[in-house]
Amino acid sequence: SDYDGSEKYLAAYVMPEIIIGRSLTLIPGFRYEKNTTNYTGYRLPQVEDDDVWNDNSWFANETATRKLENEFFLPMIHLIYRPLDWFDARASYTHTLSRPSYGDIIPSWDIGDQTVKWNNPYLKPELSKNWDVLFSFHGNELGLFALGGFHKTIHDKIFTHGETMILQQDLEQGKFDGLENGVANVAGYIMNYEMNNPRPAHVYGMELEWQSNLWFLPAPLNGLVLNVNYTRIFSDAEYPAVTRTLDYNTFKYTYADTFYTDRLLDQTNHIFNLMVGYDYKDFSIRGSMKFTDNL
């Protein structure tokens, strides 16, 4: 698991605020990001001779270095509309990034007995294009009540492919960086690896929140503090898969790339948060719970 590497990261942004009349605020802008990574990792062969393990000289020849660059212009625009003292509406369109963990892009592998532990040095950042709308109502007795909706389109979503068999055609096409020239023929070996989804994923839903200090209730209830939040989330994505068909005439398998549709991996459907507290003079106490459904 040893490695050596460096990252260079450059970013800049422009974000003016434009106030139009009494009730409208416009915040446009963009962010520029450039990232350069240069990592060196070990590529360990399948070795059956213990004498080889005792001779560390071969380590120097079993390393690989990969240098990658990516840059993005990320636009954004926020709109805030306050027509009344007790109501405002907000809308935004933004582009955001989620970069892969450096541990997943170190160009290393470890060939074992019918298995390969392989890192993908060509993972790209996820790019999410987001629409958000929020309506807020606030008052002395109401507190803050907010209702919002969101929609995200995620390109190059990073996910764990799951255990799959390495096919000879994958090696011939150079699908797995360097394995086609490895010291062992790994066709038929099992591997689990990170990859970018070639098809976009979608996440959308709604959120409700209520925050209030119930000061207007008769004592002792006037010390109660509440914070309630509920989010309903929907998602869908198409995942790559390989189908296998047996030819009963030749008793040989043929493989074909295909896709299946499911929700976003590790994406829950419901999130509920509740915080209950009590304030009395200089004394405060808080208790909270979180419910996450259907992981």
Side-chain angles (χ1 to χ4, degrees), residues 1-7 35-49 52-53 58-70 97-127 154-201 237-246 252-262 264-266:
S1 59
D2 287 349
Y3 67 92
D4 180 77
S6 64
E7 292 199 22
N35 182 242
T36 304
T37 60
N38 195 328
Y39 280 104
T40 299
Y42 287 101
R43 293 185 163 181
L44 306 186
Q46 183 182 40
V47 176
E48 298 178 354
D49 187 351
V52 176
W53 287 111
W58 67 272
F59 268 95
N61 299 318
E62 297 298 332
T63 62
T65 301
R66 295 292 180 267
K67 179 180 179 180
L68 298 177
E69 288 187 352
N70 58 73
L97 295 177
S98 178
R99 297 188 180 276
S101 167
Y102 72 91
D104 292 330
I105 63 174
I106 296 169
S108 302
W109 72 47
D110 187 359
I111 301 175
D113 182 15
Q114 300 299 313
T115 62
V116 179
K117 181 181 179 182
W118 178 81
N119 285 347
N120 185 352
Y122 296 109
L123 282 176
K124 296 182 288 186
E126 301 175 7
L127 173 62
I154 306 173
H155 299 270
D156 295 315
K157 176 65 180 175
I158 299 171
F159 73 101
T160 302
H161 184 281
E163 289 190 351
T164 185
M165 180 182 293
I166 302 174
L167 305 179
Q168 184 63 41
Q169 66 191 46
D170 295 333
L171 301 175
E172 294 172 357
Q173 296 169 1
K175 181 177 180 180
F176 303 114
D177 176 64
L179 279 180
E180 67 277 6
N181 298 318
V183 296
N185 182 4
V186 295
Y189 283 37
I190 299 300
M191 183 166 64
N192 191 347
Y193 63 98
E194 303 290 317
M195 67 172 293
N196 292 106
N197 197 332
R199 301 194 180 189
E238 292 183 280
Y239 297 100
V242 177
T243 59
R244 185 175 71 169
T245 305
L246 176 62
K252 292 183 178 180
Y253 287 103
T254 59
Y255 298 86
D257 292 329
T258 184
F259 288 84
Y260 69 95
T261 301
D262 204 343
L264 204 62
L265 293 177
D266 300 320

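We're numbering straight along the sequence, starting at 1.
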**Prompt:** Looking at CH2 of Trp118 and OG of Ser108, how far apart are the two atoms once the value is rounded to the nearest 0.5 Å?
**Reply:** 11.5 Å

**Item:** Option among Glu126, Glu194, Met195 that satisfies the side chain to side chain contact (heavy atoms under 4.5 Å, CB included) test with Phe159
**Value:** Met195

**Prompt:** Does some side-chain heavy atom of Tyr102 sit less than 4.5 Å from a side-chain heavy atom of Tyr3?
**Reply:** yes

**Prompt:** Would you call Ile166 and Val116 a side-chain contact if the rule is heavy atoms closer than 4.5 Å?
**Reply:** yes

**Request:** Answer whether the closest heavy-atom distance between the side chains of Tyr189 and Ile111 falls below 4.5 Å.
**Result:** yes

**Prompt:** Side-chain contact, heavy-atom cut-off 4.5 Å: Leu68 with Ile105?
**Reply:** no

**Min side-chain heavy-atom separation Trp109-Lys117 under 4.5 Å** = no

**Asked** Taking atom CD of Glu163 as the centre, does the number of heavy atoms from other residues, nucleotides or ligands within less than 6.0 Å exceed 12?
**Response** no

**Asked** How long is the span from the CG atom in Leu123 to the CG atom in Asn70, to the nearest 0.5 Å?
**Response** 11.5 Å

**Asked** ring-ring contact (aromatic ring centres under 6.0 Å, His included) with Tyr122: which residues, sequence neighbours excluded?
**Response** none

**Message:** Minimum heavy-atom separation for Ala237 and Ala201, please, with both atom names.
**Reply:** CB-CB, 3.7 Å

**Message:** Measuring from atom CG of Leu179 to atom CE of Met191, what distance do you get when rounded to the nearest 0.5 angstrom?
**Reply:** 6.0 Å

**Message:** Applying side chain to side chain contact (heavy atoms under 4.5 Å, CB included) to Lys67 and Thr37, what does each step give before you reach the verdict?
**Reply:** CA-CA 6 Å; Lys67 179 180 179 180; Thr37 60; over 6 Å; no

**Message:** Just to verify, what does Asp177 make a salt bridge (Lys or Arg N to Asp or Glu O under 4.0 Å) with, not counting sequence neighbours?
**Reply:** Arg43, Arg66

**Request:** Could you give me the CA-CA distance, side-chain angles and deciding distance for Glu69 and Asn35, then say whether side chain to side chain contact (heavy atoms under 4.5 Å, CB included) is met?
**Result:** CA-CA 6 Å; Glu69 288 187 352; Asn35 182 242; over 6 Å; no

**Request:** Find the distance between OH (Tyr239) and CZ (Arg199) and round it off to the nearest 0.5 Å.
**Result:** 13.0 Å

**Message:** For a side chain to side chain contact (heavy atoms under 4.5 Å, CB included) check, start with the C-alpha distance between Tyr39 and Asp4, then their side-chain angles and the critical distance, and finish with the verdict.
**Reply:** CA-CA 6 Å; Tyr39 280 104; Asp4 180 77; over 6 Å; no

**Fill in**
For Arg99 and Pro125 the tightest heavy-atom approach is NH1-CG, 3.5 Å

**Complete:** Output for pair (Asp156 CG, Asn197 CG), nearest 0.5 Å, gives 8.5 Å

**Complete:** In this structure, OG1 of Thr115 is separated from CG of Asn192 (nearest 0.5 Å) by 11.0 Å

**Asked** What orientation do Tyr193 and His161 show, parallel under 30°, tilted 30 to 60°, or perpendicular over 60°?
**Response** parallel

**Prompt:** If every non-hydrogen atom of Ile158 is compared with every non-hydrogen atom of Lys124, which pair is closest and at what distance?
**Reply:** CD1-O, 3.6 Å

**Prompt:** In this structure, which one of Ile106, Thr63, Asp2 forms a side chain to side chain contact (heavy atoms under 4.5 Å, CB included) with Thr40?
**Reply:** Thr63

**Prompt:** If only atom types and distance count, is the side chain of Asn119 paired as donor or acceptor with the main-chain N or O of Gly103 below 3.5 Å?
**Reply:** yes

